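Throughout, a chain's letter reflects where its sequence line sits, starting with A, and its residues are numbered from 1. None of the values given here were measured: they were computed from a predicted structure.
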Amino acid sequence: MIFSMLFSFLSGSIDLTLSTLVTEFINPGNSLESQILREIRIPRTLAAFTTGALLAISGVIMQVILRNPLADPYILGISGGAAVGALSAILLGASGIVLNNAAFVGALFSVGLVFGISNKYGRWSITRLLLTGIVVSAGWGAVINILLTTSSSNNVQSMLFWLMGDLSQSRVHIGHYALLSFGLIGGLLLSRSLNVLSRGELIAQGLGINLKSLRLTLYLAASLFTATAVTTAGSVGFVGLVIPHMLRLIGARDHRVLMPCSILLGGSFLTIADSLARTIIAPQQLPVGVVTAIIGVPTFIFILRSTITK
Amino acid sequence: MSKLEIQTLTLSVADKLLCKDLNFLITQNESWALLGKNGVGKTSLLHSIAGLKDINAGDIKLNNRSLQDYNRAELAKEIGILFQDGLETLPATVIELVMLGRHPHAQSIFNDSEEDIALAFKALKDFSLTKLGDRKIDSLSGGEKQRAAIAMLITQEPNFFLLDEPSNHLDVAFQVSILNKVKEILNEKKASMLMATHDINLAARFCDKFVLLLDNGENFCGDKDEILDPDKLSDAYGCKIKKLETANHMYFYLE
C-alpha cells in the first residue's frame, strides 16, 4: 500500500523525486512540484486507492451473497445505470459535481430497478436476481450505444473515458473515507457470518444466521460502495471481480482475513494501475480501466494456473 | 431436560398436503427415524422442525416455547441439521468447514477459542477425516463430503440432530460405522436425533421410534413393532415389503 502510494505520488507526466516528496511533507513550498503534488497527485492517489478498495470489498460481498464466482460489483446493473446517468450529463454539457450526481442517481436507480423486477412476494431468488441484473445491464448497454452514436465526437471522447474508468477528474472527500471505514469495520464484524454464508443459505440459517437481515445489509452496503466507486471513477472493470479471487486463490478464504486484505490489495492495485495509466504514454493518459485489465489478466491467469491442485 | 414437540402439525407445499395433524414428542437421548417414499415430504418436515420453513397449522415447540419465538442464533445452539446437498460454493478446506459448526457458539469476532479448534479436530478424527483437513471441499469424493458435513454438525453440538439422508454417498461400511459414531456421541451428550432415510434397514438398526409419512398427509408415529410392520410399510411405499428377523436385527426386502 505504502509502495503503491509513493509510486503514484512520484510518477506522472512530470517525474518527481523522492527527496522532493519528503521536503514537501516537511516544508510545503510553492514550487511547481509542490503544486503538482498537492493539487493533483495526492488527491488522485487517494481517489484511486479509495475506489479500488470499495470495488474490492463490494466484489467480495457480491460473490458471497450470490455465491457465484462470476459475480462482480457491477453484476446487478449498477455500472450500466451509472453510465447512462453520467453520459446523459455529459451530453447535456455537465461535468464535475453534476456528472457525479447523475451517475450516482443512475446507479441507485438501476439497483432499485433490478430488485423491484426480481422481487416476488418480498423474496428474491438468486437466479432471478442474476438474470434480471444481466438483462437490465444489456438494456443499459443499448442506451449507452444510442448515446454514443448520437453524440458529437467531442463528447464521445469523454464518454469513452468515463466508460473505461478514468480517475483524472476524481476527488475524494470525507464521505468516501467514512464509507470505506464503515466498509472495513462492518466487513470485519460480519466476517464470521460471511464465512458461514459462503457455504449456502440453508447451511447459514442452520448455523444461526438471520438470512433476511444479513442479505439486506450486504446488498445495501455493496450497492452503496459500488455506486460511490462508479461515481468517483467511472466503471473501472476488473478490480472487483479479480482481487477477491486472487486473494482466495492464495489462501485468504476466511473473511476475517479476506476483508482487510481486499481493501489493501484493491486500493493498491488501482493506485498502481492509475500511476501507469498516466505514465505509459505521458503526457497523454490512458483510461485506468484499460491498465487494470492489462496488468490484471496475466497476473490472474498466472495465479490461477499455479494454484491448480492435482 | 430438553424436548422437541410436534403438535397437530399440518404442512403443505404448493397445494400438496404433506402431513396433517402430525403429533410426536422427542425427548432426551432418543433416536427417531422419519420414513416414507420419495417426495412424500420428509425433507420439508425436517426443514420445518429446524425452523427453516413455515408451517400451515399446529405448532412446533422446543422446551415449551414455540419455534417462532426463538431467534436463529438461539435455535442453532439447540437444533442442528444435516442437509442433503449444498456444500460446494466458494472455496474452503475441510477444517474450515468443520470449524463453521462452532459459529453459534463463537465468543469472539476474530479469534477461535482453543476449545473450538480442539472440538473441530476431534470431529475430523471421529469421522476419519484427519488426513483430509487441508483439502479443498470441491476435491473430495461424495462420501468424504458427506462425512465432512456430518463432522460440521457434530461440532455444532446441538441437542437435537436432524439428519436428512445421512447415509447418502456412504459405502455400506461407512453407513454403519458413521451412524455408530453419531449414536455414541448422542449417548455421550444425551442428545437426540431424527433421521430421514429411505433405507428402512438402516432405520431399523439405529432407531427406536418412527414417523411414517404416507400420501395425502396421513401419518403414523410409534415404536418399532407398531411402525415397522410389513403391511403398513407396503401400504406406505406402494409395493410388497416383507420382514425377516434374526436374533439381533430385522431386515426388510421386496417380495
Side-chain angles (χ1 to χ4, degrees), chain A residues 59-71 121-123 126 185-215 244-260 304 307-310, chain B residues 43 46-47 49-53 70-93 95-112 116 134-140 145 148-149 152-153 155-158 161-162 164:
Chain A
V60 171
I61 294 175
M62 283 295 183
Q63 285 165 10
V64 172
I65 17 183
L66 300 171
R67 280 178 309 289
N68 187 319
L70 292 178
Y121 314 121
R123 285 194 306 214
I126 286 175
I185 294 165
L188 285 174
L189 290 177
L190 289 179
S191 55
R192 269 189 194 274
S193 305
L194 286 167
N195 284 344
V196 178
L197 187 57
S198 302
R199 303 272 66 80
E201 296 191 347
L202 278 177
I203 289 181
Q205 285 176 294
L207 288 170
I209 298 286
N210 183 340
L211 186 65
K212 267 190 182 169
S213 67
L214 178 65
R215 215 169 29 185
H245 278 306
M246 280 186 183
L247 287 165
R248 285 201 176 98
L249 281 171
I250 60 171
R253 290 175 301 268
D254 190 323
H255 290 83
R256 287 171 283 180
V257 181
L258 184 56
M259 271 291 170
L304 195 60
T307 52
I308 291 173
T309 45
K310 278 166 218 116
Chain B
T43 296
L46 282 189
H47 285 197
I49 299 173
L52 298 172
K53 189 182 176 316
Y70 285 84
N71 66 39
R72 286 236 60 89
E74 286 174 314
L75 219 46
K77 290 182 186 169
E78 289 287 335
I79 302 178
I81 177 166
L82 173 76
F83 295 99
Q84 278 207 53
D85 45 25
L87 288 177
E88 289 167 79
T89 44
L90 297 169
T93 61
I95 184 67
E96 285 167 348
L97 174 76
V98 174
M99 273 302 291
L100 292 182
R102 296 310 293 162
H103 182 77
H105 307 276
Q107 302 287 330
S108 138
I109 295 170
F110 301 108
N111 299 320
D112 298 317
D116 288 354
D134 293 323
R135 281 267 295 276
K136 295 261 179 69
I137 303 168
D138 57 7
S139 72
L140 300 179
K145 266 179 220 162
M152 172 168 79
L153 180 62
T155 52
Q156 189 179 342
E157 294 194 314
F161 288 71
L162 308 176
D164 198 355

Exercise. Count the heavy-atom pairs under 4.5 Å between each of B:Arg135, B:His47, B:Glu96, B:Met152 and chain A, then report the option with the highest count.
Key: B:Glu96

Quiz item: At a heavy-atom separation under 4.5 Å, does B:Asp134 approach chain A through its side chain, its backbone, both, or neither?
Solution: neither

Quiz item: Where on B:Phe83 is there a heavy atom nearer than 4.5 Å to chain A: the side chain, the backbone, both, or neither?
Solution: side chain

Quiz item: Roughly how far, to the nearest 0.5 Å, is NE2 of A:His255 from CG of B:Leu90?
Solution: 6.5 Å

Exercise. Answer yes or no: is there a side-chain heavy-atom contact under 4.5 Å between A:Leu202 and B:Leu52?
Key: yes

Practice problem: Heavy-atom pairs under 4.5 Å with chain A are the metric here; pick the option from B:Gly80, B:Ser108, B:Gly51 that has the most. | Solution: B:Ser108

Practice problem: Could you tell me which non-hydrogen atom of B:Arg72 sits nearest to which non-hydrogen atom of A:Gln205, and how far apart they are? | Solution: NE-O, 2.8 Å

Self-check item: Nearest non-hydrogen partners of B:Pro91 and A:Arg253, listed with the distance
Solution: O-CD, 3.5 Å

Quiz prompt | Options A:Val64, A:Leu188, A:Asn68, A:Asn195, ranked by heavy-atom pairs under 4.5 Å with chain B, top entry | solution = A:Leu188

Quiz item: Given that the side chain runs from C-beta out, which part of A:Leu189 has a heavy atom under 4.5 Å from chain B: side chain, backbone, both or neither?
Solution: both

Practice problem: Evaluate the criterion side chain to side chain contact (heavy atoms under 4.5 Å, CB included) for residue pair A:Ile209 and B:His103; output intermediate values, then yes/no. | Solution: CA-CA 9 Å; A:Ile209 298 286; B:His103 182 77; 3.5 Å; yes

Self-check item: Nearest heavy atoms of B:Ala92 and A:Arg199, plus distance in Å
Solution: CB-NH1, 3.2 Å

Self-check item: Qualifying residues under side-chain hydrogen bond (donor to acceptor under 3.5 Å, both in side chains), relative to B:Arg102, sequence neighbours excluded
Solution: B:Asp116, B:Glu157

Quiz prompt | CG on A:Asp254 to CG on B:Leu100, rounded to 0.5 Å | solution = 8.5 Å

Self-check item: Residues in side chain to side chain contact (heavy atoms under 4.5 Å, CB included) contact with B:Ala106, at least two apart in sequence or another chain
Solution: A:Arg192

Quiz item: Side chain, backbone, both or neither: which part of B:Ile79 has a non-hydrogen atom closer than 4.5 Å to chain A?
Solution: backbone

Quiz item: Using non-hydrogen atoms only, which part of B:Met99 is less than 4.5 Å away from chain A: side chain, backbone, both, or neither?
Solution: neither

Quiz item: When only pairs under 4.5 Å are counted, which of B:Thr93, B:Asn71, B:Leu153, B:Leu162 shares the most heavy-atom pairs with chain A?
Solution: B:Thr93

Quiz item: Which heavy atom in B:Ala76 sits nearest to a heavy atom in A:Gly206, and how many Å separate them?
Solution: CB-O, 3.6 Å

Practice problem: Among the options B:Asn111, B:Leu82, B:Ile81, pick out the one with the most heavy-atom pairs lying under 4.5 Å from chain A. | Solution: B:Asn111

